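What follows is one structure encoded as structure tokens, with my remarks underneath.
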Protein chains: 2
Amino acid sequence: MAERGDRFRPPVRRRVHEGVAEQLRDAILDGALPAGSKLPPERVLAERFQVNRTSLREALKVLEGLGLIAVRQGDGATVLPAEEASLDLLGPMIFRDGRIDSAVLVDVIEVIQSLLLEMSRLAIERHRPEQLVEIRRLRDQIADSSLDREQRFAAGRDVIVELSDMTRNRVWQMLARKTRNLLASPPLVAARAQLDRDPCDVVPIIDRCTESIEACRPQAALDSLRAYVEYLSEMALSLRDHADSERVSKAVAS
Amino acid sequence: MAERGDRFRPPVRRRVHEGVAEQLRDAILDGALPAGSKLPPERVLAERFQVNRTSLREALKVLEGLGLIAVRQGDGATVLPAEEASLDLLGPMIFRDGRIDSAVLVDVIEVIQSLLLEMSRLAIERHRPEQLVEIRRLRDQIADSSLDREQRFAAGRDVIVELSDMTRNRVWQMLARKTRNLLASPPLVAARAQLDRDPCDVVPIIDRCTESIEACRPQAALDSLRAYVEYLSEMALSLRDHADSERVSKAVAS
DNA sequence: ATTGACAAATTGGTTGGACCAATGGATGAT
DNA sequence: ATCATCCATTGGTCCAACCAATTTGTCAAT
């Protein structure tokens, strides 16, 4: 048999904090450390792992950087929901020191657009009835004028997450949550607030979609969702234009 | 104007290593620290940031966890290509202590399938002629029987990356590189090696695709790529079956 | 009983220093 | 020119101490 290329692996020097971080990470992903639970104090963990507190802290920093845990002084380290974990580098790429990088934003929107469409296809195919009820609940929440405006927008974003759950695919679920968190990030929310959109805009779209699904017309349902995605994109692009005009006015002023 | 929900932000305590990590991260994403360049020694950086070496190291650990830098003892910290950065948690989710979690793998493949198709649509639409040449070069490499078997498989994976470059969308480029790195990860490569596939299987598909693009038949090109994606999926799924049968035989043995 | 102020215990944050270990380049013998 | 050796550089780990924020418990005032 031919020699496999990966037969000889680079002599990975196993660093202490790597071993610790890996064990903790797996414990979290396994569910042994459920979301919301607290890690033991650093000093205790260090003792238990038989490593110095410094090394243990380096491990915690890695996990914190990945968004798996949140650490607060005086309190401890709390396990975060794994699906919510880290936006990776998309966040830093889009939000260069607080301002929106409109060029990257366009790229992101383009990808999200594709993602949502493909995801929706699966969602429509695999959904369970009770999940349709959940979508309707969110729809009512969006339309409920007694609620806080931001809450209603948040419900709109949650539609994406609910759709991902309908796919019963963990990776889609992760991506959808990352997307929702991205859309919910302060710079984007603040920018959208200035556009003065109405959360209700999407309600008729959602209605058409749910009706189509119940009528077993997947193609029609997908077309409605396409409208929803395009609505999102349109909003994002007007954000871009807004950011660009701001940049221009600043450039002129200087 | 209505009160915005994010008016009051949680009093974020600014930790030293956060400030350092952020500055370094932005410097990397900005290109001020280009890929391949070396960071100054920890002791020098600590001096320059006016922080203790321990705190500086915590910052480096975060960046390393995100896959932005690689640190080697005796050598220093090297900036990695930003597009190659971190597989996030997909890797750890699929490769539970070295073995392949076939359930998650199926989810991942499903998503990748959708991603590649949507990405290819853009790639076909926006490609430049010289990029088609590059695809052909990779095709020749796959077919070149004088090369190392693994090199030829690697060329096949690089096709995905080249496609992403054709989209001229940075986010697709990131996703494609993450995908390639995922496919190139040791557990998957080792498993695939046992299937004894031939790298050349995809050559006719690529040929049909490039010919269709040159003939300005985007739909035909997309259909060929669909075949490529399905080839990848099929291979992945046989990996799953292989892993499952292994698990069964182990269960029986125990 | 509720509230508020205060103190103490808990817990993470930071620092300085010391020493170990790997790398890479300089040095020198062949 | 080649190779082995040595050594300066650089990251890895540990230790001990102290700072700072949070939480909790206590007690007095209302």
Side-chain angles (χ1 to χ4, degrees), chain A residues 8-25 27-28 33-80 85-86, chain B residues 8-25 27-28 33-80 85-86:
Chain A
F8 304 111
R9 289 186 298 173
V12 272
R13 234 180 103 45
R14 204 51 183 184
R15 290 170 292 184
V16 173
H17 75 85
E18 287 179 341
V20 174
E22 184 173 315
Q23 288 188 54
L24 288 175
R25 185 200 63 195
I28 294 174
L33 293 173
S37 63
K38 275 229 166 42
L39 265 58
E42 292 181 350
R43 292 166 175 87
V44 176
L45 272 181
E47 169 70 22
R48 202 175 302 177
F49 278 111
Q50 288 290 306
V51 300
N52 189 276
R53 195 177 148 216
T54 309
S55 300
L56 179 96
R57 277 178 59 82
E58 289 186 348
L60 291 187
K61 290 308 157 239
V62 173
L63 297 182
E64 198 181 11
L66 291 175
L68 284 178
I69 62 175
V71 184
R72 288 197 331 156
Q73 186 170 336
D75 199 9
T78 310
V79 179
L80 297 176
S86 116
Chain B
F8 302 112
R9 289 184 301 172
V12 271
R13 152 157 326 308
R14 198 63 177 175
R15 289 168 295 182
V16 172
H17 76 85
E18 286 179 343
V20 174
E22 186 174 313
Q23 288 188 54
L24 288 175
R25 185 199 63 194
I28 293 174
L33 292 172
S37 63
K38 274 229 166 43
L39 264 59
E42 292 181 350
R43 293 168 174 85
V44 176
L45 274 180
E47 170 72 21
R48 201 176 302 176
F49 279 110
Q50 289 291 304
V51 299
N52 189 277
R53 193 177 151 218
T54 309
S55 299
L56 179 96
R57 276 178 60 80
E58 289 186 348
L60 291 187
K61 289 306 157 246
V62 173
L63 297 181
E64 198 182 13
L66 290 176
L68 283 178
I69 63 176
V71 185
R72 287 198 331 154
Q73 184 170 260
D75 200 8
T78 310
V79 178
L80 297 176
S86 113

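Here the structure is a predicted model, which is why all the values come from computation and not from measurement.
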Quiz item: Taking for each residue the nucleotide of DNA chain D with the nearest heavy atom, is it A:V16 or B:V44 whose nucleotide lies nearer the 5' end?
Solution: B:V44

Self-check item: Nearest-nucleotide 5' precedence on DNA chain D, A:R53 against B:K61
Solution: B:K61

Give me, pair by pair, the N or O atoms of the protein and of nucleotides 23-25 of chain D that are less than 3.5 Å apart, along with how far apart they are.
{"residue": "D:dT23", "atom": "OP1", "partner": "A:R72", "partner atom": "NH2", "Å": "2.6"}

Spacing of [X] atom [atom1] relative to [N] atom [atom2], expressed in whole Å:
| X | N | atom1 | atom2 | value |
| --- | --- | --- | --- | --- |
| B:L56 | D:dT10 | CG | C1' | 13 Å |
| B:E58 | C:dT15 | CD | C1' | 11 Å |
| B:K38 | C:dG25 | NZ | C1' | 13 Å |
| A:Q73 | D:dC18 | CD | P | 17 Å |
| A:E47 | C:dT11 | CD | P | 14 Å |
| B:R43 | D:dT13 | CZ | C1' | 12 Å |
| B:L60 | D:dT13 | CG | P | 13 Å |
| B:E42 | D:dT13 | CD | P | 11 Å |

Self-check item: Non-neighbouring partners of A:T54 that pass side chain to side chain donor-acceptor pair (under 3.5 Å), sequence neighbours left out
Solution: A:N52

Quiz item: For the base of C:dG12, is there a side-chain donor-acceptor partner from A:R57 under 3.5 Å away?
Solution: no

Practice problem: Would you classify B:T54 as touching base, sugar-phosphate or nothing, given that sugar-phosphate means primed atoms plus P, OP1 and OP2, and contacts are heavy atoms under 4.0 Å? | Solution: base

I want to verify a distance call: between [options], whose nearest atom is closest to the [X] side chain?
| X | options | answer |
| --- | --- | --- |
| A:N52 | D:dG12, C:dG13, D:dC15 | D:dC15 |
| A:R15 | D:dG12, D:dC18, D:dG11 | D:dG12 |
| B:V71 | D:dG12, C:dT14, C:dG12 | D:dG12 |

Quiz prompt | Pair B:R15 + A:E64, salt bridge at N-O below 4.0 Å | solution = yes

Quiz prompt | Short N-O contact, A:E58 and A:R53, less than 4.0 angstrom | solution = no

Quiz item: How long is the gap from CD on A:E42 to CG on A:L60, to the nearest 0.5 Å?
Solution: 5.5 Å

Practice problem: Can you measure from CG (A:L63) to CG (A:L24) and round to the nearest 0.5 angstrom? | Solution: 5.5 Å

Quiz prompt | Sub-4.5 Å side-chain heavy-atom contact between A:E22 and A:R14 | solution = yes

Quiz item: Just wondering, do B:V71 and B:L39 contact through their side chains at under 4.5 Å, heavy atoms?
Solution: no

Quiz item: Does OP1 or OP2 of D:dG12 have a side-chain N or O of A:S55 closer than 4.0 Å?
Solution: no

